[in-house]
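This report refers to the structure that appears directly beneath it.
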Number of protein chains: 2
Amino acid sequence: MRLAPRAITYTRNGQPADVLKVKTLNALPNLQSNDVKVKFLLSPLNPADINVIQGVYPAKARTITIDNEEYRLGGNEALAQVTEIGESVKDLSINDWVVMGASQSGTWRSSAVLPSKDLIKVESNALSKVHGATLSINPPTALRMLEDFVNLKSGDYIIQNGSNSAVGTAVIQIAKAMNIHTINLIRERETTEKTNQLVTELKNLGATHVLTNEEISQNSKQARESIKSWTQGKELKLALNCVGGKETTEIVKTLSEGAYLVTYGAMSKQPLTIPPGLHIFKNLQSVGFWMSRWYKDHTMDEKKTLISEIVKLIENGNVGI
Amino acid sequence: MRLAPRAITYTRNGQPADVLKVKTLNALPNLQSNDVKVKFLLSPLNPADINVIQGVYPAKARTITIDNEEYRLGGNEALAQVTEIGESVKDLSINDWVVMGASQSGTWRSSAVLPSKDLIKVESNALSKVHGATLSINPPTALRMLEDFVNLKSGDYIIQNGSNSAVGTAVIQIAKAMNIHTINLIRERETTEKTNQLVTELKNLGATHVLTNEEISQNSKQARESIKSWTQGKELKLALNCVGGKETTEIVKTLSEGAYLVTYGAMSKQPLTIPPGLHIFKNLQSVGFWMSRWYKDHTMDEKKTLISEIVKLIENGNVGI
């Protein structure tokens, strides 16, 4: 007997433990000609998923109606498998692996009917399910930020903070595959031993240099000197920021003329503080990146190309988990 | 008898009254084939000129040598008249009016020998000397910021602060000529009467709406509501900032998705503080503009086109002093 579809749902914003409920759905809607039925193989939990449930994230959850009541669906990322296709669907076949090409698809459920235009086929024989389930948000965020703002060449340097985050470690690995050197900021851990351990981990992933936020904020002159000695006069035109606050201001001061500060997170919950002279006289550009906007603004062909680039990086062993 | 050339010079950074000295020069250097000799008709004093003398501005003053001693020359902007041309100079003739196409030409002197590539011919029969002497920095800053970041269309809105500055009033006037509506921030004056007087002056120049920094910082919700009611749902995609600080953060919150914050000054001496979510989720781009960089990065043809556009705006009565 086939199990009824189930979903992790909520009806009001709040702390996940307070508001999330598993609901059994009566049945999936009928397939329209461009729809695809999928079963979810693995659906990760990203920090932003929690923010959506709390109601502090600009993306809105997808809703479904069960017994005339509206429920919001949790989950944004997933690996799913096609189980049925509408008569007009050309690009997908039964058993294909797909990832989500639209934001907030409500992936914390057992199965769903989704428009085929919101699904991106994953073509690979070598990918694990875990790889498949985590390849559509964090690694592409890293790749797009490395490619879309500054024309980096082999041997160039970039700087980032939050370097041990999922995106940060993807940046380290993808940059290494592009022969781009990375200067990586991390938070000091509770003990020097733990900090050193993290430094070693990041260097094993391919990090060129690692600095702590404390080093850069307590002795910014020394940190700037270190960075200068590492880059050997090479330009530093790209800073990736998911932290904000004082340390980010210090990072920005190390950048070359015409550099980009790309903000994709704000883990310190502190605003960005930018000395105006860096904009006026050094042509600093402070911009943002959001993977959800990228998916919204790009064509299916562009999405497929992106996902296949990520698949290739994983298959070649350049990007791990 | 021809007077010996004289120049306002200094040998060390400091307060202008302490360090500036008028020097009589022995003679001008001989004209090389691409050089032009000019006499300065009017040389304005811009606030940045003071900062150069104080040594707090990134641009470095030009130097000359008198009796084996090096002197720095003050002055960046000017209207000058050609008095002699080198044998290879094609674009300029004796008596032509020119403005400076290079930064820090040292304009606070009676005459100079300059490379012809650093001079832009001003073609007009209707221009006063005062217009000519002030057309190469502030009005072009306004025009470039209105045209180079956002594709504004007739009827669109922009917002700016420091609206009664030289650039701010040029923005009001040029925007009006382009049929762009302006929302203008000013500092409250000592009395309500004086504030009202300034509001009237700016409205007479063409300002669509005027708000005080105090109104926006003390009741930002009310100010945002006012702005919304003025724009009637139209997008607000360009903010021009020469102030910085808290009020600028409030302005940024009023902008539409994908907007530009263009910083060209920092009169409050406060840094820019930007909520990171505006970068990430609303695709805010925070950038800088510096007229000196524009001149450095553009060709003589582009500079000529820019100056002729400004001349036309002045001739048509769109931009006054």
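All values below were derived from every heavy atom in this structure, side-chain atoms included, with hydrogens, water molecules and symmetry-related copies excluded. In what follows, every chain begins at residue 1, and chains take the letters A, B, ... in the order their sequences are listed. All values derive from a computational prediction rather than experimental measurement.
Both the backbone and the side chain of F281(A) come within contact range of chain B, with heavy atoms under 4.5 Å apart. Within the 4.5 angstrom heavy-atom criterion, only backbone atoms of F289(B) (N, CA, C, O) approach chain A. No part of K269(B) comes within reach of chain A, as not one of its non-hydrogen atoms sits under 4.5 angstrom from that chain.
Nearest approach of H279(B) to S286(A), heavy atoms of both residues: NE2-OG, 2.7 Å. Closest approach of P276(B) and P271(A) over heavy atoms only: CD-CA, 3.8 Å. The two atoms that bring V287(A) and Q285(B) nearest to each other are CG1-OE1, 3.3 Å, heavy atoms only.
At least one side-chain heavy atom of E257(A) sits under 4.5 Å from a side-chain heavy atom of R293(B).
For the set N241(B), L284(B), T273(B), the entry with the most heavy-atom pairs within less than 4.5 Å of chain A is T273(B).
Each of L278(B), I280(B), I274(B) was compared with T263(A) under the side-chain contact (heavy atoms from CB on, under 4.5 Å) criterion, and only I280(B) meets it.
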